[in-house]
Amino acid sequence: MLVVNTLAFAATYASTGAPLAWSKFLAADFDRWTFIHDHLLVDFAISPALGASLAAGLISCALAAMIRAPFMRAVAGPHYPLAPRSWGEVYNLAGLYVLSSLLVKVFPVAAFGHGVLEQFASIVALIAAVLLIFTDYVIIYEQLPLHQALKRGVRLVGRRWAAVLLIFVIIQFVWFGFYALYSLYYEGTQRIFFLLPISKILFEAVLILFIDLVLIYFYEGVRSAAPLKDRSR
């Protein structure tokens, strides 16, 4: 999935006319949301670059749905299908990833530098990130459509909100440390060694796997404690 995201950004990067040089692209990819803000959102206008960015984002969300569904089932055990159950599941997951990307990433980036709006967008992004933390697991493991999965996910978060918030804060600190570590190598250099992005992808993949394992384990515990009426579809 990390490779897919990098390829999606490459389409956006190329569509803006940015220089197609290895080190410049990798530096931009490391801080891709700053690049998107500076090149697409500051002077917002309908353009081929914006169209390419939207298309790349939608394709990335659809592929994320098709990749993460079998991955999460593989984590849970071999009795789960190792592929999306149906196109409906792909649609629900892709819709969730589009919604979460808009709330957690695009909205805050678009509001950057706009004072009160920036603060409001940051608050919205944090709240959305916490409330949506279980929703893709609900879609995959409980086979609920998107609108029901959103409600179910919020109810599950509400049952263990203090623990969920603690886990969320720890995850944010881990990601901040990861970003700070690699920023030492990406910033202030004109040439980026090709093994650096490879190590970043591998390290990031391990972190995502670990975070998913923790969240899935915690989700299963919260779900098993839910009353029968809360399991209705």
Trainee: Should Ile211 and Val169 be counted in the same cluster of Ile, Leu, Val, Met, Phe, Trp and Tyr side chains packed under 4.5 Å apart?
Mentor: no
Trainee: Starting at CZ of Phe218, measure out to CG of Leu213 and round the result to the nearest 0.5 Å.
Mentor: 15.0 Å
Trainee: Run the numbers on Leu202 and Leu2 for side chain to side chain contact (heavy atoms under 4.5 Å, CB included), then give the verdict.
Mentor: CA-CA 9 Å; Leu202 292 176; Leu2 299 173; over 6 Å; no
Trainee: Nearest 0.5 Å, please: how far is CG in Leu50 from NE2 in His39?
Mentor: 14.0 Å
Trainee: Quick check: do Leu93 and Ile140 have side-chain heavy atoms less than 4.5 Å from each other?
Mentor: yes
Trainee: Using the rule that two of Ile, Leu, Val, Met, Phe, Trp, Tyr join whenever any of their side-chain heavy atoms come within less than 4.5 Å, decide whether Ile198 and Tyr185 are in one cluster.
Mentor: yes
Trainee: How would you list, by chain and number, every residue that makes a side chain to side chain contact (heavy atoms under 4.5 Å, CB included) with Ala94, sequence neighbours excluded?
Mentor: Ala65
Trainee: Which residue pairs satisfy the salt bridge (charged side-chain N to carboxylate O under 4.0 Å, His left out) criterion with at least one member in residues 164-182, sequence neighbours excluded?
Mentor: none
Trainee: Taking the side chain as every heavy atom from C-beta outward, state whether Ser101 and Cys61 have any pair of such atoms under 4.5 Å apart.
Mentor: yes
Trainee: Considering residues at least two apart in sequence or located in another chain, which fulfil the side chain to side chain contact (heavy atoms under 4.5 Å, CB included) criterion with Leu184?
Mentor: none
Trainee: For the atom pair OG1 (Thr16) and CD1 (Ile36), what is the distance rounded to the nearest 0.5 Å?
Mentor: 10.0 Å
Trainee: Check whether Thr135 reaches the backbone of Gly153 with its side chain - one donor and one acceptor, N or O, closer than 3.5 Å.
Mentor: no
Trainee: So how far is it from Arg159 CZ to Arg155 CZ, rounded to the nearest 0.5 Å?
Mentor: 8.0 Å
Trainee: Show me the pairs that pass ring pair (Phe, Tyr, Trp, His ring centres under 6.0 Å) and involve residues 99-140, at least two apart or across chains.
Mentor: His37-Phe112, Phe134-Tyr219, Tyr137-Tyr219
Trainee: Should Tyr91 and Ser86 count as side-chain neighbours, where that means a heavy-atom distance under 4.5 Å?
Mentor: no
Trainee: Once side chain to side chain donor-acceptor pair (under 3.5 Å) is applied, do any residues pair with Asp38, and if so which ones, sequence neighbours excluded?
Mentor: none
Trainee: If you compare all heavy atoms of Ile192 against all heavy atoms of Ser23, which two are closest, and at what distance to 0.1 Å?
Mentor: N-OG, 2.9 Å
Trainee: Can you tell me how far CZ of Arg32 sits from NZ of Lys105, rounded to the nearest 0.5 angstrom?
Mentor: 7.5 Å
Trainee: Partners of Phe193 by ring pair (Phe, Tyr, Trp, His ring centres under 6.0 Å), sequence neighbours excluded?
Mentor: none
Trainee: Please identify each residue that fulfils side chain to side chain donor-acceptor pair (under 3.5 Å) with Ser199, with sequence neighbours left out.
Mentor: Tyr182
Trainee: Does Asn92 reach the main-chain N or O of Gly88 with its side chain, forming a donor-acceptor pair under 3.5 Å?
Mentor: yes
Trainee: Please check if Leu117 and Val109 belong to a single hydrophobic cluster, counting links between Ile, Leu, Val, Met, Phe, Trp and Tyr side chain heavy atoms closer than 4.5 Å.
Mentor: yes
Trainee: I'd like to check the side chain to side chain donor-acceptor pair (under 3.5 Å) partners of Ser47; sequence neighbours left out, ordered by chain and number.
Mentor: none
Trainee: Given side chains that start at C-beta, do those of Leu146 and Leu150 come closer than 4.5 Å, heavy atoms only?
Mentor: yes
Trainee: How far apart are the closest heavy atoms of Lys24 and Pro19, and which atoms are they?
Mentor: CD-CG, 3.5 Å
Trainee: Of all residues at least two apart in sequence or in a different chain, which pass the ring pair (Phe, Tyr, Trp, His ring centres under 6.0 Å) check with Trp22?
Mentor: none
Trainee: Ignoring hydrogens and angles, tell me if any N or O in the side chain of Ser60 forms a donor-acceptor pair with the backbone of Ala56 under 3.5 Å.
Mentor: no
Trainee: Under the 3.5 angstrom rule, does the side chain of Ser53 hit a backbone N or O of Ala49 as a donor-acceptor pair?
Mentor: no
Trainee: Of all residues at least two apart in sequence or in a different chain, which pass the side chain to side chain contact (heavy atoms under 4.5 Å, CB included) check with Val130?
Mentor: Val157, Val164, Leu165, Phe168
Trainee: Among Leu7, Thr6, Asn5, whose side-chain contact (heavy atoms from CB on, under 4.5 Å) with Val3 holds?
Mentor: Leu7
Trainee: Within a reach of under 6.0 Å around CH2 of Trp87, are more than 12 heavy atoms found that belong to other residues, nucleotides or ligands?
Mentor: no
Trainee: Taking all non-hydrogen atoms of both residues into account, name the closest pair between Gly113 and Glu118 and its distance.
Mentor: N-OE1, 2.9 Å
Trainee: Are Leu20 and Leu40 linked, directly or through other ILVMFWY residues, by side chains that come within less than 4.5 angstrom of each other?
Mentor: yes
Trainee: Got more than 12 heavy atoms from elsewhere within 6.0 Å of CZ, Phe210?
Mentor: no
Trainee: Holding to side chain to side chain contact (heavy atoms under 4.5 Å, CB included), I want the full list of residues that pass it with Ala28, two or more places apart in sequence or in another chain.
Mentor: Phe9, Tyr13, Phe35
Trainee: Please list, chain by chain and in numerical order, all residues satisfying side chain to side chain donor-acceptor pair (under 3.5 Å) with Tyr97, sequence neighbours excluded.
Mentor: Arg68, Asp136
Trainee: Tyr179, Phe203: one ILVMFWY side-chain cluster at the under-4.5 Å cut-off?
Mentor: yes
Trainee: Please say whether more than 12 non-hydrogen atoms of neighbouring residues, nucleotides or ligands are located less than 6.0 Å from CH2 in Trp161.
Mentor: no
Trainee: Dump the intermediate steps for side chain to side chain contact (heavy atoms under 4.5 Å, CB included) on Ile139 and Leu144, then the final yes or no.
Mentor: CA-CA 5 Å; Ile139 292 173; Leu144 295 179; 5.7 Å; no
Trainee: Tell me, do Asp31 and Tyr186 make a side-chain contact under 4.5 Å, heavy atoms counted?
Mentor: no
Trainee: Can you tell me how far apart CD (Glu142) and CZ (Arg152) are? Round to the nearest 0.5 Å.
Mentor: 4.0 Å
